[in-house]
Protein chains: 2
Amino acid sequence: MRRARGEQTRQLILETALRLFRERGYAETTMRVIAKEAGVAVGNAYYYFDSKEHLIQGFYDRNQNEHRLATTALLADEKDFAARLRGVMHAGIDVNEPYHSFAATFFKTAAEPSSPLSPFSRESSPARDASIAIFRDVLEGSTAKLDPELRKELPELLWLGWMGVILFWVYDKSPGQRRTRRLIDGAVPLIDRLVSLSRLRVLRPALRQILTLIDSVRRDD
Amino acid sequence: MRRARGEQTRQLILETALRLFRERGYAETTMRVIAKEAGVAVGNAYYYFDSKEHLIQGFYDRNQNEHRLATTALLADEKDFAARLRGVMHAGIDVNEPYHSFAATFFKTAAEPSSPLSPFSRESSPARDASIAIFRDVLEGSTAKLDPELRKELPELLWLGWMGVILFWVYDKSPGQRRTRRLIDGAVPLIDRLVSLSRLRVLRPALRQILTLIDSVRRDD
DNA sequence: CACATCTCTTGAACGCGTTCAACTATGGGC
DNA sequence: GCCCATAGTTGAACGCGTTCAAGAGATGTG
């Protein structure tokens with residue numbers, strides 16, 4: 001089997017790279033060392049990964065998957081919207097916590113718009129969609145009552161908010177990133193309240209304005 | 001005078017670099033070419049600038065200043081809050097527009113939390129305070145009526161929102177970055193409306209919740 | 001004027017990510 | 001069993017940002 005051997009080498013390189021990234025940091029880990037540790041030639045790594053940055057995509061995918069797994073139990077039992085959202089966000093931070101010190105470097109790389117690692121890039125689209133799906137589940141599996149038009153947009157908005165939390169977390173230098181935990185604990189009830197308020201008649205015009213804004217901005221022409 | 005000669009070389013290197021960045025892009029401009037065009041040795045550029053990315057700081061400072069200058073006329077005349085905010089944001093985009101293509105790279109550098117170029121870093125504090133001051137002026141020089149506690153926090157919140165607009169702009173690949181313009185045109189009236197709504201009795205609890213959240217997150221322990 | 005000191009300048013050299021022509025191993029077709 | 005297209009692998013070589021020992025030039029000191 002050709003495929004099997006290729007996949008094996010690919011995994012070997014990826015696992016070696018991620019281990020070294022964790023042990024010594026991203027910038028300090030050279031492609032030559034990754035190749036040497038994996039027992040292959042430098043060029044071989046480039047046969048499987050377009051660039052050093054692309055290796056990080058593997059890290060993202062794995063954590064993304066761990067995040068999903070960490071939330072399934074909660075999302076199966078809990079019905080309260082706020083509790084679901086809070087659980088999902090804390091789980092997301094839990095999963096990434098061991099990597100906080102070098103997540104900053106990853107973030108720097110991912111921040112470049114042309115980078116394949118950017119959360120908004122085409123290459124990240126599957127991971128992004130999977131992440132948005134979690135937030136759709138958070139909403140749809142809950143007993144929350146809200147404006148039907150907002151319901152359609154909310155999963156993506158929650159994902160955007162989640163990106164904001166991640167951004168905050170990356171910059172968070174407080175011990176154990178407590179501030180991020182406080183942000184989540186404070187923001188979730190607030191979001192819950194605002195979502196409920198979406199059915200209020202007085203706020204109808206403001207809500208429509210928000211939805212119109214989302215629509216006009218989304219059009220990419 | 002030594003200082004004069006050094007400063008002259010520094011300016012020569014900076015201007016040459018910015019010109020080349022504009023002409024051929026950031027990644028395509030090598031330090032060797034910058035040095036050659038400026039008529040100095042490569043190492044000389046590193047005597048004045050810590051790295052290639054640090055050359056961007058000069059660009060950043062210059063545009064920051066231009067933004068401030070571009071808003072003074074408007075902020076002296078206009079009294080309507082929405083019009084003031086809209087003008088300031090569009091002016092900010094105007095100033096940066098010619099550099100959109102390599103602003104991405106600048107953003108990448110600024111995004112690293114440990115970077116002195118980060119908008120949240122201590123080194124950027126003066127620039128950040130200056131920027132927040134503009135938004136304070138936007139608010140205080142307007143006739144807007146709003147909750148007094150919100151009034152204290154709003155300038156910083158507007159600045160944060162502005163950072164979000166910049167982030168959107170950096171990623172905006174639509175011709176002439178039209179989507180960013182639409183975002184501003186749509187978001188400003190919305191902010192205006194929400195600010196007005198802050199005096200509404202029904203929303204009092206939600207507002208207090210927002211203010212409490214800001215306070216708890218700001219505590220850095 | 002000589003000397004010491006500090007500012008400024010040089011360019012070869014280093015290590016990095018990345019490329020690519022050349023090579024080897026594999027498996028299916030006849 | 002042989003052949004050949006394809007998958008997989010190699011490592012020297014390239015151009016890049018960056019460093020640094022060495023020196024040149026300007027200024028202060030006796």
*Below 4.0 angstrom from OP1 or OP2 of dT9(D), is there any side-chain N or O of Y48(A)?*
yes
*Among the candidates dT19(C), dG17(D), dG11(C), find the nucleotide nearest to the side-chain atoms of Y46(A).*
dT19(C)
*Interatomic distance, K36(A) NZ vs dA12(D) P [rounded to whole Å]*: 13 Å
*Integer-rounded Å distance: dT9(D) P and M31(A) CE*: 14 Å
*Roughly, in whole Å, what's the span from OH in Y26(B) to P in dG17(D)?*
8 Å
*Taking the side chain as C-beta and beyond, is there a heavy-atom pair between K52(B) and T30(B) under 4.5 Å?*
no
*So H90(A) and D185(A), side-chain hydrogen bond (donor to acceptor under 3.5 Å, both in side chains) or not? Walk me through it.*
CA-CA 9 Å; H90(A) 278 299; D185(A) 291 342; 2.7 Å; yes
*Can you tell me how far P of dT18(D) sits from OH of Y47(B), to the nearest Å?*
18 Å
*Rounded to the Å, how far apart are R24(B) CZ and dC16(D) C1'?*
14 Å
*Between A45(B) and G43(A), who's closer to the 5' end of DNA chain C by nearest nucleotide?*
A45(B)
*asked:* Using 30° and 60° as the class boundaries, would you call the ring planes of H100(B) and W169(B) parallel, tilted or perpendicular?
replied: perpendicular
*Look at the side chain of T30(A) and decide which nucleotide, out of dA12(D), dG17(C), dC16(D), has an atom nearest to it.*
dG17(C)
*Are T9(A) and dT9(D) close enough that a side-chain N or O sits under 4.0 Å from OP1 or OP2?*
yes
*Can you tell me how far C1' of dT19(C) sits from NZ of K52(A), to the nearest Å?*
17 Å
*Whole-Å distance between dT19(C) C1' and D50(A) CG?*
13 Å
_N-O pairing of E156(B) and R136(B) below 4.0 Å_ = no
*asked:* What's the separation between atom CD1 in I56(B) and atom CG in N63(B), rounded to the nearest 0.5 Å?
replied: 12.0 Å
_From the set dC16(C), dT10(C), dT18(C), return the single nucleotide nearest to any side-chain atom of A41(B)._
dT10(C)
*Quick one: does R32(B) reach the base of dG17(D) with a side-chain donor-acceptor pair under 3.5 Å?*
yes
*Distance in angstrom units between R10(B) CZ and dT9(C) C1', rounded*: 16 Å
